[in-house]
Amino acid sequence: MLTSKARQELNRLAFSLIHKLKPAPITVGLSGGADSTLALLVACKLQETDPRFSVLACHCIHGLDADDPIWLKHCQDLCQRLKVKLVTPKLNIVYGSGVSPEDASRKERYRALLENLSPNGYLMLGHQSDDQVENLLLALKRGSGPRGLGGMSTVTCDNRGTIIRPLLDLSKKDIENILTALGFDWVFDISNTYLKFERNFIRLKVLPLLRERFIGIDKAILKSAKLCAFEHDLASRYAETFYTQAVADDIFYIDKIDIEDQALTFFVLRRFLFNFSSSAPDFNTVAACYDLIKASNDQEGVVEFADKEIRRYLNTLRIVSKAITPNKDSILILHKNETLCLNDFAYSLIKGRAKNKSFILKSDCVTLDFTYSGSFKIKPVNRVHRREIKKIFGENFIPYWERAAYPLVKDKDSVLALGSVCALGKKEDLKAEDVYYLEIKNLKTGKVI
């Protein structure tokens, strides 16, 4: 390729983005390979065209290969040549127990890249058309629907932020030709030859056979991916009204959708779950959630999803962070001006009035008793008769998986409160000056429950 032609291609790639993006900082994931090198050049061209763009290169050190120092030195030299700031976070990759090295590396790499992303900035990656072809075959292997089969977009906005992939219409060979013509070299990652990795097996074993047997198979696969993306886009527009009716934050309201319409319910469920994961949920996860939806209201099933849980409570599905409640046999002392951390929950005595939750504290501490049974009866403030604790939980809409986090608050042998749900005693107690209430915080979510 002539140098002039390569420069035209670089200009085309940059100008195709400049009208789609507001000027903002760009973080480029730089491995040192051909794809990420050209992505960095595109980002620099954007900055040259409009100085309101800024560029940061991020080279992740995986710590799994002896060639790590070679790749690092290459990236340092490249960034010095381009006058681009480089950051080099070290990854902590842990795999096993059903987590593959590929998945663990990808998750940790995205974490590091996103941590180096400026507020309202863009993450630029070097994915190209060969990656799109491989992705579709991998998506077929995973049993993905149209969203997964549709592949990657040039500009993607999701829960991670805005991700830019400017090279999707170029092949690996195209990219290498452009770099050679522009006078840039790149490093080769020997791990790209390891057949134990699924993508490498697809790239080195499956695709060569398909290309030998079917001329133009890459174009046909990319065409199928584009059609799947169109189908998903149309379905998304149709389902938008149903989604906004059924979903609010981390709650899926079962009675807001016709669950007998399985196709619609599956689609809305998949989108609901996708909001809480960097990858689309697989069919089995969505099917398990659908089974939970079809069950009775008192069903206490749980579906594992990413690092969270999907649980049913009354007529809803909820995304729940896994949290370990205090031991059921615990009886502990909590003093004023002290925070007591028990597994994933923190307990504090807060001075002040809280409606129906405050109690008079006559000493400098209380006992937190987790050993009670749900059938134990107490008489909350404003109630005439005693009531079973499990029924009080139900009246206050405390989900069953959180109930073990609520202790009985005691002063010697008298019960002052049921956690942060309600106080016992008399209504006039709330008018006293020296009143307190128990604050319970979920340390996983940071929320007070």
Report yes or no: does Glu304 contribute a side-chain atom to a donor-acceptor pair with the main-chain N or O of Glu309 at less than 3.5 Å?
no
Separation of Lys172 NZ from Gln128 CD (nearest 0.5 Å):
5.5 Å
Are the side chain of Thr285 and the backbone of Pro281 linked by a donor-acceptor contact shorter than 3.5 Å?
no
Lys322 atom NZ, neighbour heavy-atom count above 12 within 6.0 Å:
yes
Short question: side chain of Arg312, backbone of Leu314 - any donor-acceptor pair under 3.5 Å?
yes
In the structure I gave you, are the side-chain heavy atoms of Ile175 and Thr37 within less than 4.5 Å of one another anywhere?
no
Stepwise, does the side chain to side chain donor-acceptor pair (under 3.5 Å) test hold for Ser171 with Ser129?
CA-CA 5 Å; Ser171 67; Ser129 65; 5.1 Å; no
Side-chain contact test, heavy atoms from C-beta onward, threshold under 4.5 Å: evaluate it for Cys289 versus Leu317 and give yes or no.
yes
Glu198 and salt bridge (charged side-chain N to carboxylate O under 4.0 Å, His left out): which single residue from Lys205, Arg142, Arg106, Lys141 fits?
Lys141
Side chains of Tyr347 and Thr339, heavy atoms from C-beta outward: is any pair under 4.5 Å?
no
By side-chain hydrogen bond (donor to acceptor under 3.5 Å, both in side chains) - contacts of Glu338 (at least two apart)
none
Is Asn327 close to Phe370 at the side-chain level, that is, under 4.5 Å between some pair of heavy atoms?
no
Considering non-hydrogen atoms only, spot the tightest contact between Ala112 and Leu91 and give its length.
CB-CD2, 3.5 Å
Phe274 and Arg147 have their tightest heavy-atom pair at CE2-NH2, 2.7 Å
Asp344 side chain to Ile324 main-chain N or O, any donor-acceptor pair under 3.5 Å?
yes
Does the salt bridge (charged side-chain N to carboxylate O under 4.0 Å, His left out) test come out yes or no for Arg203 and Glu134, once each step is laid out?
CA-CA 7 Å; Arg203 179 184 302 150; Glu134 294 160 10; 2.9 Å; yes
List the atom of His335, the atom of Cys365, and the distance in Å for their closest heavy-atom pair.
CD2-CB, 3.5 Å
Does Tyr372 have Lys328 sitting over its ring (NZ/CZ under 6.0 Å from centre, angle to axis within 45°)?
yes
Establish, yes or no, whether a centroid distance under 6.0 Å links the rings of Phe267 and Tyr238.
no
Side-chain touch Val155/Ile163, heavy atoms, less than 4.5 angstrom
no
If we ignore hydrogens and angles and just use 3.5 Å, is the side chain of Thr27 paired with the main-chain N or O of Asn116 as donor and acceptor?
yes
Please check: side-chain N/O of Ser330 versus main-chain N/O of Pro326, any donor-acceptor pairing under 3.5 Å?
no
Tyr313 six-ring centre to Arg318 NZ/CZ under 6.0 Å and within 45° of normal
no
Backbone of Asp258 reached by a side-chain donor or acceptor of Thr265 within 3.5 Å:
yes
Locate the shortest heavy-atom distance separating Ser363 from Lys336; write the atom from each residue and the value.
O-CE, 3.4 Å
Could you state the interatomic distance from CD1 (Ile257) to CD1 (Ile293), rounded to the nearest 0.5 Å?
7.5 Å
Tell me if a side-chain donor or acceptor on Gln132 pairs with a main-chain N or O of Met152 at a distance below 3.5 Å.
yes
Measuring from Leu340:CG to Leu349:CG, what's the distance to the nearest 0.5 Å?
10.0 Å
Is the centre of the Phe266 ring less than 6.0 Å from the centre of the Phe272 ring?
no
Check Ala288 against Val303 and note the closest heavy-atom contact, atom names and distance.
CB-CG2, 3.8 Å
Report yes if the side chains of Met124 and Val28 come closer than 4.5 Å at any heavy-atom pair, otherwise no.
yes
Could you tell me the separation between the CG atom of Leu78 and the CG atom of Leu30, rounded to the nearest 0.5 Å?
6.0 Å
Measure the spacing between CD of Gln245 and CG of Asp255 and express it to the nearest 0.5 Å.
11.0 Å
Pair Ser414-Asp411, side-chain donor/acceptor within less than 3.5 Å
no
Pair Glu240, Arg237 - check salt bridge (charged side-chain N to carboxylate O under 4.0 Å, His left out), show working.
CA-CA 5 Å; Glu240 180 64 27; Arg237 292 187 227 172; over 6 Å; no
Mind checking the OG1-CG spacing from Thr325 to Leu342? Nearest 0.5 Å is all I need.
10.0 Å
Exercise: do Asn192 and Arg199 side chains pair donor with acceptor under 3.5 Å:
no
Step through the shown structure and confirm whether more than 12 heavy atoms of other residues, nucleotides or ligands are within 6.0 Å of NZ on Lys256.
no
Scan for ring-ring contact (aromatic ring centres under 6.0 Å, His included) pairs involving residues 108-131, sequence neighbours excluded, and state none if there are none.
none
With sequence neighbours left out, what residues match Lys410 under side-chain hydrogen bond (donor to acceptor under 3.5 Å, both in side chains)?
Asp369
Under 6.0 Å between ring centres: does that hold for Phe393 and Phe397?
no
Check: Ile61 main-chain N/O paired with Asp68 side-chain donor or acceptor under 3.5 Å
no
In terms of side-chain heavy atoms, does Ser36 have a donor or acceptor partner in Ser31 at a distance below 3.5 Å?
yes
Give the minimum heavy-atom separation between Gly419 and Ile440, together with the two atoms involved.
CA-CD1, 4.3 Å
